[in-house]
Amino acid sequence: MEVDCQPEDTMLSKYDDDCVDLGSVKDMRLDAKAVVNDVLFAVAEMHVSQSLNCAPDIAYINLETREGNRYCLELSDAGLRVVGYSFDQVDEDLNTQYYETIYSLLDTLSPSYIQAFGNALLQRLEKLKQNGQ
């Protein structure tokens with residue numbers, strides 16, 4: 001049974017049968033939130049979709065690169081892949097490559113991501129240097 005998850009469903013228990021039993025199945029929506037938090041600094045917009053149907057093993061992430069390109073990403077045990085070219089859109093006929101990490105996917109999609117990642121790394125190194133570490 002597919003159920004459209006609401007924001008309050010992100011705090012699930014093993015007794016919530018509508019979306020996932022956390023006692024036996026990994027919740028991809030939690031992984032999707034972690035993915036978003038990891039790279040939010042280097043993209044224009046990124047959030048877990050609230051309008052696409054949830055499943056225990058699949059989550060959808062809306063991404064807008066700094067170049068202004070919009071994507072709908074699917075996160076599953078197989079990895080990440082583009083499934084649409086606008087927010088909350090899944091094109092069933094789209095057959096795109098899976099990426100192991102969000103970093104490798106963004107390396108392919110967004111030259112600005114590469115620059116933002118490099119700048120963030122340099123800032124961290126400078127901060128460490130200033131702190132004498």
Side-chain angles (χ1 to χ4, degrees):
M1 171 171 106
E2 281 190 306
V3 176
D4 190 27
C5 288
Q6 300 303 314
E8 61 270 14
D9 291 336
T10 58
M11 299 303 289
L12 300 172
S13 72
K14 65 181 181 178
Y15 304 106
D16 186 347
D17 292 332
D18 287 342
C19 286
V20 65
D21 176 349
L22 289 179
S24 63
V25 177
K26 185 177 185 179
D27 181 9
M28 274 301 166
R29 291 177 62 85
L30 296 176
D31 284 356
K33 285 183 178 189
V35 165
V36 169
N37 288 333
D38 276 354
V39 296
L40 196 54
F41 72 94
V43 298
E45 183 179 348
M46 192 172 188
H47 59 272
V48 178
S49 174
Q50 296 299 319
S51 65
L52 292 175
N53 290 337
C54 83
D57 57 346
I58 294 176
Y60 295 97
I61 300 170
N62 292 317
L63 163 69
E64 182 176 342
T65 64
R66 288 187 172 188
E67 292 84 6
N69 300 318
R70 287 188 166 193
Y71 302 94
C72 183
L73 309 177
E74 175 190 272
L75 174 64
S76 68
D77 285 334
L80 280 153
R81 71 181 184 112
V82 173
V83 293
Y85 294 105
S86 63
F87 285 1
D88 299 318
Q89 174 200 2
V90 176
D91 181 351
E92 299 293 337
D93 296 327
L94 201 57
N95 187 17
T96 56
Q97 167 183 343
Y98 280 96
Y99 293 85
E100 286 186 34
T101 67
I102 187 64
Y103 316 110
S104 59
L105 184 140
L106 285 171
D107 281 347
T108 302
L109 296 180
S110 177
S112 294
Y113 163 77
I114 298 167
Q115 182 179 1
F117 185 85
N119 288 340
L121 185 59
L122 285 174
Q123 288 174 359
R124 286 184 186 172
L125 290 172
E126 282 297 319
K127 194 173 189 177
L128 287 173
K129 184 179 177 181
Q130 289 173 359
N131 291 335
Q133 295 181 2

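No hydrogens, no waters, no symmetry mates; every other heavy atom, side chains included, goes into these values.
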Close side-chain approach of Q115 and N119, heavy atoms under 4.5 Å: yes

task: Please report the closest heavy-atom contact between R66 and A116, naming both atoms and the distance.
output: NH1-CB, 3.5 Å

statement: Contacts satisfying salt bridge (charged side-chain N to carboxylate O under 4.0 Å, His left out) that involve residues 85-109 (not counting sequence neighbours) are none

task: Would you check, one step at a time, whether the test side-chain contact (heavy atoms from CB on, under 4.5 Å) holds for V39 with L63?
output: CA-CA 10 Å; V39 296; L63 163 69; over 6 Å; no

message: Please report the interatomic distance CG(L80) to CD(Q97), rounded to the nearest 0.5 Å.
response: 11.5 Å

task: Of all the heavy-atom pairs spanning M28 and I58, show the shortest one and how long it is.
output: CG-N, 3.7 Å

Show the atom names and distances, to 0.1 Å, of all donor-acceptor pairs under 3.5 Å that link a side chain in residues 69-76 to residues at least two apart or in another chain.
unit_1, atom_1, unit_2, atom_2, d
R70, NE, E64, OE1, 3.2
R70, NH2, E64, OE1, 3.4
E74, OE2, R81, NE, 3.2
E74, OE2, Y98, OH, 3.3
S76, OG, A78, N, 3.2

message: So for atom CG, which belongs to N95, do other residues, nucleotides or ligands contribute more than 12 heavy atoms lying within a distance under 6.0 Å?
response: no

query: Got a donor-acceptor contact below 3.5 angstrom from the T96 side chain to the V82 backbone?
result: yes

- request: May I have all residue pairs that pass ring-ring contact (aromatic ring centres under 6.0 Å, His included) and include part of residues 28-57, sequence neighbours excluded?
  value: H47-F87

query: Taking atom CG of L40 and atom NZ of K33, what is their separation to the nearest 0.5 Å?
result: 13.5 Å

query: Is there a side-chain contact (heavy atoms from CB on, under 4.5 Å) between I61 and M46 once you walk through the steps?
result: CA-CA 7 Å; I61 300 170; M46 192 172 188; 3.8 Å; yes

- prompt: Are Y99 and I114 linked, directly or through other ILVMFWY residues, by side chains that come within less than 4.5 angstrom of each other?
  reply: yes

